[in-house]
Protein chains: 2
Amino acid sequence: MVRNMREAARHAMGRTSGRAAERDPQGQAAAQARLKASGLRPTRQRLELAGLLFQGHDRHVTAESLHDEVTRAGVKVSLATVYNTLHQFTGAGLLRQVVVDASRSYFDTNVHDHQHFFHEDEGRLIDIPGETIAVTNVPTPPDGLAVDRVDVVVRVKRA
Amino acid sequence: MVRNMREAARHAMGRTSGRAAERDPQGQAAAQARLKASGLRPTRQRLELAGLLFQGHDRHVTAESLHDEVTRAGVKVSLATVYNTLHQFTGAGLLRQVVVDASRSYFDTNVHDHQHFFHEDEGRLIDIPGETIAVTNVPTPPDGLAVDRVDVVVRVKRA
DNA sequence: CTCATAGATTAGAATCATTCTAATCTGTTG
DNA sequence: CAACAGATTAGAATGATTCTAATCTATGAG
Ligand SMILES: [Mn+2]
Ligand SMILES: [Mn+2]
Ligand SMILES: [Zn+2]
Ligand SMILES: [Zn+2]
């Protein structure tokens, strides 16, 4: 039943209306490149999620916030796939996991050295550029251990 | 049926054999004082848990590790009570909660300003004295927010 | 292009830490 | 020794995350 390129493309798009992809052509292209570079198959779901995550500005998402967002965009992706994708992207170095809240995991599109404000009332993360804060005199780890990284979280509340 | 002080004391001890209390007389006394100072009733469970937690050296426990420990000591305390107690002690300023692992909460008997090594392979926390690490140039929080505290976690792995 | 297949997605069940419920118990105070 | 506010607890509930196993799809021969 597939007769030509246009039909094939529509078919490949599956359940999505194609609206999201049409709305963000360069995002999709960049996403495609990013996935290819990481050896991840460019599936509809990964392209949509990458499109939302890597639009240029840095983002902090939870599995649920990203799932809500992609769902609101009219794209059907299961929550399991959102979790899978966040972990795969993290494994590929496209995302970083941030632990600040015992009740849920955040993922950060900014994988460079930087720190965070964590707004405890609202559960929001705000970047602090990597050059801003200086952490000095970090002691040598106990024998047999090596520093993986140093996290600084500035917990803030309503004044 | 309670005839004298000795009997009364045994009765008050409830289901415990009294072994734990006998093993740690000063711990119990200190615990009693600590609870009184915090306005918490000195129940058998709180005294046992305080006895284990505040023995002098600083400790990092999870609800489950503390529950295992108190259980192994032959004292019957429900996990719900361990959770309740950890939160009450935290509210009273006797403990501090430490967020380093998305999968469980740690409680720290050292409530003074200090930082941590977190051994990611084993899930263990190691104190870094408060005067050791210096964090400078922490930026001013966004408007309407105030710094609650600054956490530094030095994540370490097997070398 | 067509097909075979490794890899991906997904609904729904399972897990696990933590919290809640509501029944029972106990420390305190009069 | 009451009376009762506060504490404990078994077991259910919750909520985030992971797992299962069935179905789908991207890909690279042929
Ligand atoms: Mn959702
Ligand atoms: Mn949890
Ligand atoms: Zn960030
Ligand atoms: Zn500590």
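Since we're looking at a predicted model, the values are computed, not measured. A, B, ... follow the sequence lines: proteins, then strands. Residue 1 opens every chain.
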Distance, rounded to the nearest Å, where A:Gln88 contributes CD and C:dA8 contributes P: 6 Å
Non-neighbouring partners of B:Asp121 that pass side chain to side chain contact (heavy atoms under 4.5 Å, CB included), sequence neighbours left out: B:His119, B:Lys157, B:Arg158
Distance in angstrom units between A:Leu66 CG and D:dA16 C1', rounded: 15 Å
C:dT18 OP1/OP2 closer than 4.0 Å to side-chain N/O of B:Tyr83: yes
A:Arg46 side-chain N/O to C:dT9 phosphate OP1/OP2 under 4.0 Å: yes
B:Phe107/B:His87 under ring-ring contact (aromatic ring centres under 6.0 Å, His included): CA gap, chis, key distance, verdict: CA-CA 9 Å; B:Phe107 292 84; B:His87 287 133; 5.7 Å; yes
Euclidean distance, atom NE2 of residue A:His67 to atom P of D:dA16 [Å, nearest integer]: 13 Å
Separation of C:dT26 C1' from B:Arg44 CZ (nearest whole Å): 11 Å
Nearest to side-chain heavy atoms of A:Arg104, which nucleotide of D:dC19, D:dT25, D:dT17: D:dT17
More than 12 heavy atoms of other groups within 6.0 Å of B:His57 NE2: yes
Candidate nucleotides D:dC19, C:dT18, D:dT8, ranked by approach to the side chain of B:Gln45 - the nearest: D:dT8
Proximal nucleotide (of D:dA10, C:dT10, D:dA16) relative to the B:Lys76 side chain: D:dA10
Nearest-0.5 Å distance, OG1 of residue A:Thr62 to NE2 of residue A:His67: 11.5 Å
Residue mapping more 5' on DNA chain D - nearest nucleotide basis, A:Pro42 or A:Thr62: A:Thr62
d(CG, B:Leu35; C1', C:dT28) in whole Å: 15 Å
A:Phe118: which of A:Val154, A:Ile126, A:Asp101 passes side chain to side chain contact (heavy atoms under 4.5 Å, CB included): A:Asp101
Under 4.0 angstrom between A:His87 side-chain N/O and D:dT18 OP1 or OP2: yes
Out of D:dT8, C:dT19, C:dA11, whichever nucleotide has its closest atom nearest the side chain of B:Asn84: D:dT8
Any B:Thr43 side-chain N or O less than 4.0 Å from OP1/OP2 of D:dT8: yes
DNA chain C-proximal residues of residues 118-126 of chain B, any heavy atom under 4.0 Å: none
Nearest-nucleotide pick for A:Ala80, side chain only, options being D:dA10, C:dG12, C:dT18: C:dG12
Intermediate values then yes/no, side-chain hydrogen bond (donor to acceptor under 3.5 Å, both in side chains), A:Asp58 and A:His114: CA-CA 12 Å; A:Asp58 296 323; A:His114 72 286; over 6 Å; no
From C:dG27, D:dT27, D:dT18, nucleotide with atom closest to B:Arg41 side chain: C:dG27
side-chain hydrogen bond (donor to acceptor under 3.5 Å, both in side chains) assessment of B:Asp108 paired with B:His116: CA-CA 11 Å; B:Asp108 192 341; B:His116 297 98; 2.8 Å; yes
N/O (side chain, B:Ser103) to phosphate O (OP1/OP2, C:dC16) under 4.0 Å: no
Phosphate OP1/OP2 of C:dT10 contacted by A:Thr81 side-chain N/O (<4.0 Å): yes
Charged tip of B:Arg155 within 45° of B:Phe117 ring normal and under 6.0 Å: no
Upstream residue (5' side of DNA chain C) when A:Thr85 and B:Leu79 are each assigned their closest nucleotide: A:Thr85
Value in whole Å for how far the C1' atom of C:dT18 lies from CD of B:Gln97: 11 Å
Protein-nucleotide distance (A:Leu49, atom CG; C:dT9, atom C1'), rounded to Å: 12 Å
Whole-Å gap separating P (D:dA16) and CG (A:Leu86): 15 Å
